[in-house]
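In what follows, a single structure is set out as structure tokens and then discussed.
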Protein chains: 2
Amino acid sequence: MKVDNIQSLKNILSENGYKITKAREDTFSVLLSPEPQSMAALIDKAHDKVDRVTMYRNIDLFEKLGIVNRIYVGWKYKLELSDSFMEHHHHLSCLSCGKVIDIEDEQHINEFIKSVTDKFNFTPRHHQFEIDGFCNVCSESKKS
Amino acid sequence: MKVDNIQSLKNILSENGYKITKAREDTFSVLLSPEPQSMAALIDKAHDKVDRVTMYRNIDLFEKLGIVNRIYVGWKYKLELSDSFMEHHHHLSCLSCGKVIDIEDEQHINEFIKSVTDKFNFTPRHHQFEIDGFCNVCSESKKS
DNA sequence: ATCTAAATGCAACAAAGTTGCAATAACTAA
DNA sequence: TTAGTTATTGCAACTTTGTTGCATTTAGAT
């Protein structure tokens with residue numbers, strides 16, 4: 001289910017017995033962004049519309065409803081709207097300088113996911129693949 | 001490089017120009033456990049030997065040196081000693097009941113890691129692969 | 001229009017992580 | 001072995017992040 005506009009939000013909320021409120025619409029609207037955002041950034045963007053505590057509560061709710069995903073980048077989590085049933089987050093994260101490199105190689109991974117979820121009768125929602133280590137620059141400087 | 005005793009710790013520290021201190025040995029010793037542990041648990045176990053702040057600093061250092069890994073289980077991170085150069089953490093995590101299922105399928109994943117790290121000249125230390133979704137039991141109960 | 005439960009905002013709190021700095025302890029070289 | 005230098009530690013204070021209880025408000029059912 002694609003969740004990319006306010007109407008989808010409203011549908012999901014009422015289908016699940018939750019009320020459609022201004023705070024939830026505002027929470028949703030600050031989530032609209034091409035980049036995953038930290039909780040702090042979301043709170044900051046909405047601070048004159050929605051209370052901090054309400055943000056936490058609604059983000060939790062949205063996560064339970066599959067509207068947002070929490071992904072780990074380096075050491076911290078970030079939040080983003082699910083824009084499809086299955087998200088892709090594959091990256092290399094440098095332990096030394098913190099640089100994050102995105103990988104695109106869906107094929108290998110998708111095969112793998114299918115084989116393993118089938119085996120356990122598991123319904124996938126989201127996945128994340130992270131490799132921590134040292135980027136080319138930092139590996140180089142260690143050698144000297 | 002296997003890091004499973006105090007001697008390995010000492011070697012790694014001095015090879016990298018860091019001092020061998022009692023606080024670092026104590027930090028290392030509370031990490032010895034078959035299970036990954038939360039930061040809070042580590043601080044608690046060592047609280048009469050090592051200051052909280054020093055724990056944070058040394059865990060950070062150990063992570064940079066590849067002595068510990070930080071892994072995400074559900075929403076929180078836990079720490080554990082690396083007992084080999086490359087750790088394997090692959091699991092399915094149920095968003096509804098919280099059950100965690102471990103996967104063992106090294107082959108697929110190892111191939112993939114090699115191809116992608118080679119491409120970016122990245123030196124891997126640790127990786128983690130998590131699939132969130134609904135386990136067989138919870139998927140079933142949703143259908144009714 | 002009224003009623004009721006759900007949702008919000010506020011205040012206060014708890015937990016997690018960070019910073020600056022003075023005191024201490026580990027290595028270095030004489 | 002001692003003296004000197006620098007990294008490391010512990011402490012106090014602080015910031016950030018997340019949580020709880022409760023009185024007030026608001027969405028939606030009747």
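Numbered from 1 within each chain, the chains take letters A, B, ... in sequence-line order.
- Judged purely by atom type and a 3.5 angstrom limit, Gln37(A) has no side-chain atom pairing as donor or acceptor with the backbone of Leu32(A).
- Within the 3.5 Å criterion, the main-chain N or O of Ala23(B) finds a donor-acceptor partner in the side chain of Thr27(B).
- Glu130(B) contributes no side-chain N or O that, together with a main-chain N or O of His127(A), makes up a donor-acceptor pair within less than 3.5 Å.
- A salt bridge links Lys114(A) to Asp118(A): one of the charged nitrogens lies within less than 4.0 Å of a carboxylate oxygen.
- Per the geometry, OH belonging to Tyr56(A) stands 17 Å off P belonging to dA14(C), to the nearest Å.
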For nucleotides 9-13 of chain C, print each protein N/O atom paired with a nucleotide N/O atom at under 3.5 Å, atom names and distance only.
unit_1: dG9(C); atom_1: OP2; unit_2: Asp51(A); atom_2: N; d: 3.2
unit_1: dG9(C); atom_1: OP2; unit_2: Thr54(A); atom_2: OG1; d: 2.9
unit_1: dG9(C); atom_1: N7; unit_2: Arg57(A); atom_2: NH2; d: 3.0
unit_1: dG9(C); atom_1: O6; unit_2: Arg57(A); atom_2: NH2; d: 2.8

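- For Asp44(A) (side chain) and Ala40(A) (main-chain N/O), no donor-acceptor pair under 3.5 Å exists by modelled atom type.
- Nearest-nucleotide mapping onto DNA chain C: of Lys22(B) and Ala40(B), the residue sitting toward the 5' end is Ala40(B).
- In this structure, Phe129(A) and Phe129(B) have parallel ring planes: the angle between them is below the 30° cut-off, well short of the 60° mark.
- We find that CZ of Arg24(B) is positioned 10 Å from C1' of dA26(C), with the value rounded to whole Å.
- Expressed to the nearest 0.5 Å, how far CG of Leu61(B) lies from OG1 of Thr54(B) amounts to 12.0 Å.
- Listed for the Arg24(A) side chain is a donor-acceptor partner under 3.5 Å among the backbone atoms of Lys19(A).
- Not one N or O on the side chain of Asn16(A) forms a donor-acceptor pair closer than 3.5 Å with the backbone of Tyr18(A).
- Around atom NZ of Lys45(A), more than 12 heavy atoms belonging to other residues, nucleotides or ligands sit under 6.0 Å away.
- Scanning DNA chain D 5' to 3' for nucleotides with an atom closer than 4.0 angstrom to a non-hydrogen atom of chain A gives a first and last hit of dT17(D) to dG28(D).
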I'd like a table of atom pairs between the protein and nucleotides 27-30 of chain C - only N or O on both sides, under 3.5 Å - with the distance next to each one.
unit_1: dC27(C); atom_1: OP1; unit_2: Ile20(B); atom_2: N; d: 2.6

